[in-house]
S.K.: 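Below: one structure in structure tokens.
Letters A, B, ... are given to chains in the order of the sequence lines, protein chains preceding strands, and every chain is numbered from 1.
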Number of protein chains: 2
Amino acid sequence: MDIKTIAAKAGVSIATVSRALNKPEMVRPQTRARIMQIVDEMQYSPNPLAKSLLTGRTYTVALVFPTLRNPYFSQLAEGCEAELSNAGYTTSIFSFEEEISKQRTIFNNIIRRHVDGIILAGSGSLQAGYQQILEGLNIPIVVVEDMPDLDTIPVRAGISCINIDDRQGTQMAIKYFLQKGHREIGIIAGEGQMLLTRRRLEAARSVLKEAGLTLNHIVNGSYISVESGYRGMLRLLDSDARMTAVFAFNDLLAIGALNAVLDRGLQVPGDVAIIGFDDIPLAAYTRPRLSTVHSPSNEIGAYAARMLLEHIAEEKAASTRRRVFIPAKLVIRETC
Amino acid sequence: MDIKTIAAKAGVSIATVSRALNKPEMVRPQTRARIMQIVDEMQYSPNPLAKSLLTGRTYTVALVFPTLRNPYFSQLAEGCEAELSNAGYTTSIFSFEEEISKQRTIFNNIIRRHVDGIILAGSGSLQAGYQQILEGLNIPIVVVEDMPDLDTIPVRAGISCINIDDRQGTQMAIKYFLQKGHREIGIIAGEGQMLLTRRRLEAARSVLKEAGLTLNHIVNGSYISVESGYRGMLRLLDSDARMTAVFAFNDLLAIGALNAVLDRGLQVPGDVAIIGFDDIPLAAYTRPRLSTVHSPSNEIGAYAARMLLEHIAEEKAASTRRRVFIPAKLVIRETC
DNA sequence: CTGTTAGCGCATTCAC
DNA sequence: GTGAATGCGCTAACAG
């Protein structure tokens with residue numbers, strides 16, 4: 001059943017049917033009504049493929065994520081999808097996982113498929129130089145968590161970034177520790193090359209510096225591996241450091257760390273206080289309950305989607321280029 | 001840059017270019033080589049939209065899930081995506097969340113978009129009668145976790161189901177409890193209408209019956225709400241039941257339950273033993289560590305994708321209709 | 001083996 | 001206001 005069928009039934013040309021559907025004001029009310037009735041009866045709806053081929057718009061957005069295994073990303077994805085589907089867009093997911101080799105393939109595919117825009121997250125895990133690729137893509141992009149080279153390479157119009165406010169979140173956590181009297185603070189970070197990591201590290205350092213302290217105990221793990229948080233904490237514990245507090249750069253790492261401390265027979269927060277980052281749903285259900293910096297991943301996803309839709313609406317002439325930071329919130333529970 | 005450009009550069013007709021790409025054996029090696037070289041140089045790749053419009057195949061699969069917020073589903077999604085992208089397919093996600101009204105829209109969209117197949121999970125949350133819709137869809141479908149009405153309505157060819165082996169998993173859990181001497185066993189289930197719930201309940205009952213026992217303490221929550229597990233356990237605790245063991249039908253519920261018991265100042269497993277279901281990554285990091293029935297969600301997703309691809313390969317004449325159960329495994333940690 | 005042609009389903013000129 | 005014709009980029013007959 002296609003537009004021709006409808007046109008025949010209504011006794012008009014396909015052009016009129018098309019207009020009735022897309023530019024109703026251009027067709028006489030009577031004919032329009034007649035057409036619309038038949039459209040409803042037959043449950044007709046134009047073939048998006050044909051439409052896209054003609055217009056160049058697919059009403060599809062690509063979500064490019066490192067993985068869905070990290071609850072943070074799946075929450076983000078959910079936020080995006082909800083907002084996009086509301087706007088009539090379809091969401092395609094591409095997870096580039098460990099395999100750096102897949103990344104080229106993914107972007108090729110995205111271009112081939114003519115998606116209307118891209119939401120990219122976890123870009124820190126992308127191979128070096130991918131930013132060039134993005135620049136050349138010529139479709140709107142929203143990057144969640146910034147591009148690693150953002151500070152060195154200028155970004156073209158139509159690319160926006162949205163971040164949780166790392167600095168502020170980190171400051172709140174570290175200041176809380178200081179205020180509680182902690183002087184030796186350890187850090188469990190994820191992948192060191194990620195801009196997010198660097199930003200949080202820098203923020204931690206600056207707060208400490210203000211207090212006349214330095215950051216002496218830093219350990220790296222992976223943001224998607226609880227186990228790496230566990231091992232990181234063990235390393236911290238085994239060093240000759242005398243830390244009384246540890247700030248983990250996400251909740252997965254924090255939960256791993258928490259387990260390590262407890263397994264050593266130490267108390268939390270008595271011997272070691274812990275604060276995480278993200279506030280994943282399960283953070284409120286660890287024992288003791290995890291204190292953490294709340295990052296509204298769902299809302300961030302929705303926000304990213306809305307920014308992208310704006311870019312798309314600007315047509316080709318996307319002149320905007322925003323960079324927003326979402327405020328974080330410190331949630332004190334039982335680990336500090 | 002389109003097929004015409006390539007044809008011009010190679011001094012052949014567009015048909016030959018098309019053939020060189022799709023049916024290489026039909027074109028003379030020399031011309032083919034010449035064409036392919038230009039194709040490579042210009043990084044040409046046929047427009048999938050045009051191709052799809054003509055062939056009816058989009059190389060796109062729809063993932064229809066209730067939510068991505070439950071780690072079980074995001075793991076599943078990840079497994080699907082990995083397998084599908086390997087096969088050159090793009091994965092679109094549609095989460096129908098709470099809103100039952102969206103479900104009709106989703107399926108309409110899926111049809112309009114001409115996806116090649118559907119992977120549907122959490123179907124228990126779909127509105128009644130949706131099975132009719134699936135039957136009429138005329139494309140391959142793989143349902144993860146069965147269709148609710150599967151036992152009453154026969155399913156058309158081209159629809160397959162894949163399940164974790166609930167019965168076996170449940171039996172293992174309950175038998176373990178019995179063997180440890182527990183006689184009063186409580187159940188925290190998710191949504192009662194889901195086939196999966198009913199199957200697990202039935203399995204629990206039958207094991208208990210063999211031992212001359214009955215199932216007296218059942219409470220319902222929601223599979224995506226930790227909090228509902230917490231409250232469920234509270235209800236169980238407040239009843240006059242003298243349970244010493246509780247089987248929660250997924251890990252989220254179990255973790256909620258665990259917290260409830262501990263908050264009451266009771267010991268786990270001393271006062272109440274707990275076993276969960278799924279074995280989400282964080283299950284190994286609760287305190288005490290959660291014992292649970294392991295369900296390889298990632299592999300199930302990959303398996304589902306492979307089954308779907310097989311169906312798609314069978315062309316229209318899909319005559320198959322499988323129903324497989326993936327064996328579960330009991331993982332004993334510290335809560336029982 | 002290769003070129004010409006006809007559509008896939010639709011939006012959009014341009015006439016009327 | 002409406003219809004006839006054009007073409008989006010491509011594959012699949014059909015000829016040669």
S.K.: For A:V17 and A:K4, find the nucleotide of DNA chain C closest to each by heavy atoms; which residue's nucleotide sits nearer the 5' end?
M.R.: A:K4

S.K.: Would you say B:S95 and A:E81 are linked by a side-chain donor-acceptor pair, where the criterion is simply a distance under 3.5 Å?
M.R.: yes

S.K.: Can you name the residues that form a side chain to side chain contact (heavy atoms under 4.5 Å, CB included) with A:T90, not counting sequence neighbours?
M.R.: A:T60, B:S92, B:F94, B:N109, B:R113

S.K.: Measure all distances between protein nitrogen or oxygen atoms and nitrogen or oxygen atoms of nucleotides 1-4 of chain C, and list the pairs falling under 3.5 Å.
M.R.:
{"residue": "C:dT2", "atom": "OP1", "partner": "B:R28", "partner atom": "NE", "Å": "3.4"}
{"residue": "C:dT2", "atom": "OP1", "partner": "B:R28", "partner atom": "NH2", "Å": "3.2"}
{"residue": "C:dT2", "atom": "OP1", "partner": "B:T31", "partner atom": "OG1", "Å": "2.9"}
{"residue": "C:dT2", "atom": "OP2", "partner": "B:R28", "partner atom": "N", "Å": "2.8"}
{"residue": "C:dT2", "atom": "OP2", "partner": "B:T31", "partner atom": "OG1", "Å": "3.1"}
{"residue": "C:dG3", "atom": "OP2", "partner": "B:S13", "partner atom": "N", "Å": "2.9"}
{"residue": "C:dG3", "atom": "OP2", "partner": "B:S13", "partner atom": "OG", "Å": "3.3"}
{"residue": "C:dG3", "atom": "OP2", "partner": "B:T16", "partner atom": "OG1", "Å": "2.6"}
{"residue": "C:dG3", "atom": "N7", "partner": "B:R19", "partner atom": "NH2", "Å": "2.8"}
{"residue": "C:dG3", "atom": "O6", "partner": "B:R19", "partner atom": "NH1", "Å": "3.2"}

S.K.: Answer yes or no: is there a side-chain heavy-atom contact under 4.5 Å between B:H114 and B:S52?
M.R.: no

S.K.: What integer distance in Å separates A:L49:CG from D:dC8:C1'?
M.R.: 12 Å

S.K.: Is NZ or CZ of B:R57 both nearer than 6.0 Å to the six-membered ring centre of B:Y59 and within 45° of the ring axis?
M.R.: yes

S.K.: Let me check the geometry of the helix from C:dC1-D:dG16 to C:dC16-D:dG1. What is the bend angle between the axes at its two ends, five pairs each, to 10°?
M.R.: 40°

S.K.: Between B:K51 and A:A50, which is nearer to the 5' end of DNA chain D once each is assigned its nearest nucleotide?
M.R.: A:A50

S.K.: Other residues, nucleotides and ligands only: do more than 12 of their heavy atoms fall within 6.0 Å of CD on A:Q30?
M.R.: no

S.K.: Take the protein atom CG of A:N22 and the nucleotide atom P of C:dT12, then report the distance between them rounded to whole Å.
M.R.: 7 Å

S.K.: If we only count heavy atoms from C-beta on, is the A:Y72 to A:I224 side-chain gap below 4.5 Å?
M.R.: no

S.K.: For A:R57 and D:dG9, what is the distance between atoms CZ and P respectively, to the nearest whole Å?
M.R.: 17 Å

S.K.: In whole Å, what is the span from the CG atom of A:L53 to the P atom of C:dC8?
M.R.: 13 Å

S.K.: Using whole Å, report how far CD1 of B:I6 lies from P of D:dG9.
M.R.: 13 Å

S.K.: Tell me the interatomic distance from B:D2, atom CG, to D:dG9, atom P, rounded to whole angstroms.
M.R.: 5 Å

